[in-house]
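Let me begin by presenting the structure, written as structure tokens, before commenting on it.
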Amino acid sequence: MANQQPNSGNPRVDIEYRRKKSAEEMKHQVITFALMIFLTIVAFVAAGYEGFSGWFIVPFILILAIVQVIFQLYYFMHMSHKGHEAPALFLYSGALVGFITIIAFLTVIWW
Amino acid sequence: MSTLAQKKGFGAVLWDYLTTVDHKKIAILYLIAGGFFFLLGGLEAMFIRIQLAVPNNDFVSAGLYNEILTMHGTTMIFLAAMPLIFAFMNAVMPLQIGARDVAFPFLNSLGFWLFFFGGVFLNLSWFLGGAPDAGWTSYASLSIASEGHGIDFYALGLQISGAGTLIGGINFLVTIINMRAPGMTYMRMPMFTWATFVTSALILFAFPALTVGLFLLIFDRMFGSNFFDPAMGGNTIIWEHFFWIFGHPEVYILVLPAFGIFSEIFAIFSRKRLFGYSSMVFATVLIGFLGFMVWAHHMFTTGMGPIANAIFAVATMAIAVPTGIKIFNWLFTMWGGSITFTTPMLWAVAFIPSFVAGGVTGVMLASAAQDYQYHDSYFVVAHFHYVIVGGVVFALFAGAHLYWPKMFGTMLNEFLGKITFVLFFIGFHLTFFIQHFLGLWGMPRRIFTFLPGQGLETANMVSTVGAFFMAAAVIIMLINIVITSVKNEKVGNDPWGDGRTLEWAIPSPPPFYNFKQLPLVRGLDAYWLEKMEGKKGMSPAEPLGDIHMPNNSFIPFVISLGLFVAAFGAMYRAEHSWGIPVLIFGMLITLGSMFVRSVKDDHGYHIHKEDLEDNNDKGVKA
């Protein structure tokens with residue numbers, strides 16, 4: 001069916017523009033990659049350092065994990081590109097439903 | 001005639017339906033299977049009402065009554081209402097957006113066969129040692145304690161059919177996002193397509209909760225875990241939360257497509273554009289969103305505490321606002337319209353007061369303090385039958401009459417249709433209105449009999465009489481279907497004369513490729529717009545060209561059959577030595593056929609331009 005969709009991509013592509021875009025993209029990916037490695041090291045250090053209590057470490061590395069997921073989605077899985085609005089909407093809705101479920105279990109059932 | 005359409009024998013037709021990936025044929029499969037389970041669930045309902053007709057009745061025993069009651073609810077929700085809704089979604093939605101099929105025709109077929117085998121598995125429990133008996137909600141403390149294999153049938157059967165539903169929902173989402181015809185923006189989509197879209201999103205987010213809950217139940221019952229057993233450190237309330245996180249969106253999964261069908265009907269038979277289209281879209285999305293915030297109102301009496309109860313009570317009452325928007329929009333659509341009271345329109349008009357009555361009792365139940373009085377009484381039974389029968393079942397009847405010509409190319413008899421309506425409408429209110437009062441007088445729900453002299457005799461008898469009216473209505477509907485099918489008088493593209501959306505611009509039933517050329521959509525109610533400008537059909541958006549079609553496949557049937565076999569193995573694993581081998585054998589069938597599907601290239605085939613050119617009479621003036 002794919003070739004039957006008349007509103008699929010435009011076959012005339014501006015190669016120069018594409019190249020410039022890719023170079024920019026590459027730069028972002030390298031920066032993000034470095035940041036992600038750095039954040040991972042921070043997480044390990046936080047977990048390993050004996051001076052912090054569990055009440056600090058757990059929320060802290062959870063926040064780092066969320067940042068990592070966002071980097072992953074937007075810079076490596078190209079969610080920052082155009083045409084990803086619908087997947088983004090469903091991703092966030094799913095995350096919201098999951099979050100509400102966990103909150104409810106934490107507050108209503110176990111505490 | 002093209003070379004592609006030929007007369008076939010019975011065996012060939014059967015094989016065609018077993019292997020079809022065409023959304024219109026899958027719709028017919030859903031309609032037949034869902035209709036069969038609807039009759040089964042209806043039969044169980046009749047047994048319930050016969051048992052409760054007189055005090056101290058012994059028509060069925062207490063244990064059997066529990067099984068009948070459980071199977072009535074489970075069958076009606078999972079195996080009748082949802083598949084019938086899916087039948088209309090499959091039949092109509094791709095046509096409404098101007099697509100040639102759904103996005104994943106293979107998955108569409110897989111979704112149907114999973115549902116079908118799950119439903120058959122669940123109902124085989126009647127012949128294999130007793131049906132599930134813990135209510136359709138199957139609360140864990142009760143269902144863990146239930147003896148025999150009834151609950152195992154429930155958990156495994158719903159797991160299989162739930163997977164099919166999830167697959168179907170994702171398929172519809174992708175179809176609506178990606179396959180709309182040129183010019184069909186989101187805000188030009190017909191209301192039924194919008195309802196399908198939001199419903200599919202609800203399926204996507206709600207069914208995983210049921211899947212998780214059912215897996216925990218399966219592990220607890222069949223594999224020795226203790227998620228729900230407080231004695232072993234589990235928590236029985238977890239099931240209730242999982243079940244209702246799924247279960248409450250489920251009722252919107254049922255009722256939103258019903259709203260969609262009625263929106264189409266009100267516009268068509270008032271010969272007016274749907275009043276407040278954008279607010280209807282907004283209300284549909286808002287109901288879908290709020291539907292996830294209210295599940296705990298089913299559990300007010302479990303002791304969640306006043307704060308949680310208050311939050312869920314207020315959230316629940318908030319849903320009345322978007323629902324009210326929709327009710328008023330329907331009324332305003334009719335106001336000043338040129339109304340024709342066809343059978344679908346009768347159902348639609350009767351739906352408004354019936355559903356509002358269910359909504360009002362809903363707001364009463366939403367008030368947590370009051371709910372302590374109503375909880376587990378017949379008041380609740382009356383409430384949810386008013387919303388589900390008065391909303392969903394009315395829509396299914398209305399939709400059947402409205403879309404019958406589009407699905408089968410022939411009109412159901414209007415006179416018999418109206419008789420069905422009158423009998424069902426009277427029977428419905430006779431059965432369920434009095435149940436509000438039965439509840440207030442103190443009759444608990446799910447009770448298998450009652451004693452004389454408690455003031456419950458007359459009302460229960462009235463309720464039973466009403467049920468017979470509904471049964472008579474369904475029988476007349478069946479007679480109508482048989483007569484119509486035997487006569488088989490073919491109708492044209494737009495048999496109601498006032499069709500507004502794209503499905504009425506193509507023949508009834510549509511050719512298997514739907515649109516010869518994809519239509520150009522210039523606004524909401526695309527076909528009506530062209531008609532008002534004096535055109536006979538839609539303007540094409542593309543030149544006539546080859547059409548790429550998917551090949552039929554038997555693999556979905558085999559994948560589902562494998563899970564069906566594996567479920568028996570999992571269930572009898574503990575007491576029979578053949579359990580584990582059968583489990584492995586079934587999984588091998590499923591995984592093997594999935595493997596075949598993965599490695600074998602299937603590129604489909606093309607209908608060539610030349611074949612499309614020479615059958616102008618059958619083709620689409622797209």
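Here is the naming used below: chain letters follow the sequence lines, and residue numbers restart at 1 for every chain.
No more than 12 heavy atoms of other residues, nucleotides or ligands lie within 6.0 Å of CD in A:Glu16, so this atom counts as exposed by the packing criterion. Remark: A:Phe56 CZ is packed, more than 12 non-hydrogen atoms of other residues, nucleotides or ligands lying under 6.0 Å away. Sparse packing is recorded around CZ of A:Phe33, with 12 or fewer heavy atoms of other residues, nucleotides or ligands lying under 6.0 Å away. Within 6.0 Å of atom CZ in B:Phe289, 12 or fewer heavy atoms from other residues, nucleotides or ligands are found, so the atom counts as exposed in its surroundings. At most 12 heavy atoms of other shown residues, nucleotides or ligands fall within 6.0 angstrom of atom CE in A:Met77.
Between atom OG1 of residue A:Thr107 and atom CD1 of residue B:Ile311 there is a gap of 8.0 Å, rounded to the nearest 0.5 Å. Atom CD1 of B:Ile245 sits about 4.0 Å away from atom OG1 of A:Thr101, to the nearest 0.5 Å.
Taking each heavy atom of A:Phe90 and B:Phe197 in turn, the nearest pair found is CZ-CZ, 4.0 Å.
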Quiz item: Hey, mind stepping through A:Phe105 and B:Asn235 against side chain to side chain contact (heavy atoms under 4.5 Å, CB included) and telling me if it holds?
Solution: CA-CA 11 Å; A:Phe105 272 56; B:Asn235 190 334; over 6 Å; no
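Of residues 34-55 of chain A, not one residue has a non-hydrogen atom less than 4.5 Å from any non-hydrogen atom of chain B.
Per-residue counts of heavy-atom pairs under 4.5 Å with chain A were compared for B:Thr302, B:Ile238, B:Ile307; the largest is that of B:Ile238.
Remark: A:Ile100 engages A:Leu96, B:Met293, B:Trp295 in a side-chain contact (heavy atoms from CB on, under 4.5 Å) (not counting sequence neighbours).
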